[in-house]
Structures are given as structure tokens and as C-alpha cells.
S.K.: 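The following block contains the structure, expressed as C-alpha cells.
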Amino acid sequence: MAEEQDDNDYFHLESARELGSFDVRIRTAGSRAEASLVRREHRLSEEDFIDRFPELAKYVQGLPETLPHSGENST
């Protein structure tokens, strides 16, 4: 039964539709912090994310840590 529980941790990422949605959300994240939120919504540890999605993990490393503050036109 413990094995079933482990499998359920990834229930959001088993179908092609969910994997595609996850991929798009990670690739459209504006920061590593935002990508981390997406990863955690799918109950993936950082280690599991790197193991299962190495290309996405490399992409996320190129993102800024946090989003810059908006308000450039606040004159």
C-alpha cells in the first residue's frame, strides 16, 4: 500500500495533458520562485523534479530568483 501512496504523489503528472500543462506552467514562470510554486503544487520535491524533468530543471536555473518589482512608470 505504501507503493500506491508513492504513485499517488504524481497523480497530477501521469497523463499527457497534465504533463503538457505542467511543462507550459514551468516554462512561462517568470522566476525560480514561481516555478517552485508550480513544482510544489504537483507535490514534487526538488530532487524528483530534477530526476524526472532534467531539461525543465536546467531551464528553471536560468530564471531570475524572484520577479523584479513592477512600477517602472510610477512618475
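Values below: all heavy atoms of this structure, side chains included; hydrogens, waters and symmetry mates excluded.
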S.K.: To the nearest 0.5 Å, tell me how far R39 CZ sits from S45 OG.
M.R.: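 So the CZ of R39 and the OG of S45 are separated by 7.0 Å.
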S.K.: Could you tell me how the ring of F22 sits relative to the ring of H42: parallel (under 30°), tilted (30 to 60°) or perpendicular (over 60°)?
M.R.: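 Because their plane-to-plane angle is over 60°, the rings of F22 and H42 count as perpendicular.
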S.K.: What closest approach, in Å, do A35 and A29 show between heavy atoms, and which atom pair accounts for it?
M.R.: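 A35 and A29 have their closest heavy atoms at N-CB, 3.7 Å.
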S.K.: Quick one: list whatever passes side-chain hydrogen bond (donor to acceptor under 3.5 Å, both in side chains) with E65, sequence neighbours left out.
M.R.: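 With sequence neighbours excluded, E65 shows a side-chain hydrogen bond (donor to acceptor under 3.5 Å, both in side chains) to R32, given in chain and number order.
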S.K.: Shared ILVMFWY cluster between L19 and L44, side chains joined below 4.5 angstrom?
M.R.: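 Yes; tracing contacts between hydrophobic side chains, which count when under 4.5 Å, links both residues.
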S.K.: Would you compute the distance between atom CD1 of I26 and atom CD of E34 and round it to the nearest 0.5 angstrom?
M.R.: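 Reported value, rounded in 0.5 Å steps: 9.0 Å.
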S.K.: Looking at R25 and E41, does any basic side-chain N land under 4.0 Å from a carboxylate oxygen?
M.R.: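 Yes.
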S.K.: Please give me the minimum heavy-atom distance between S31 and L63, naming the atom from each residue.
M.R.: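 Result for this residue pair: O-CD1, 3.6 Å.
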S.K.: Honestly curious: do I50 and V60 fall in one hydrophobic cluster under the side-chain, below-4.5 Å linking rule?
M.R.: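 I50 and V60: separate clusters.
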S.K.: Would you indicate whether the side-chain heavy atoms of D23 and Y59 approach each other to under 4.5 Å?
M.R.: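 Side-chain contact under 4.5 Å: no.
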S.K.: Would you name the heavy atoms of P64 and G30 that are closest together and state the gap between them?
M.R.: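 Shortest heavy-atom contact: CG-O, 3.4 Å.
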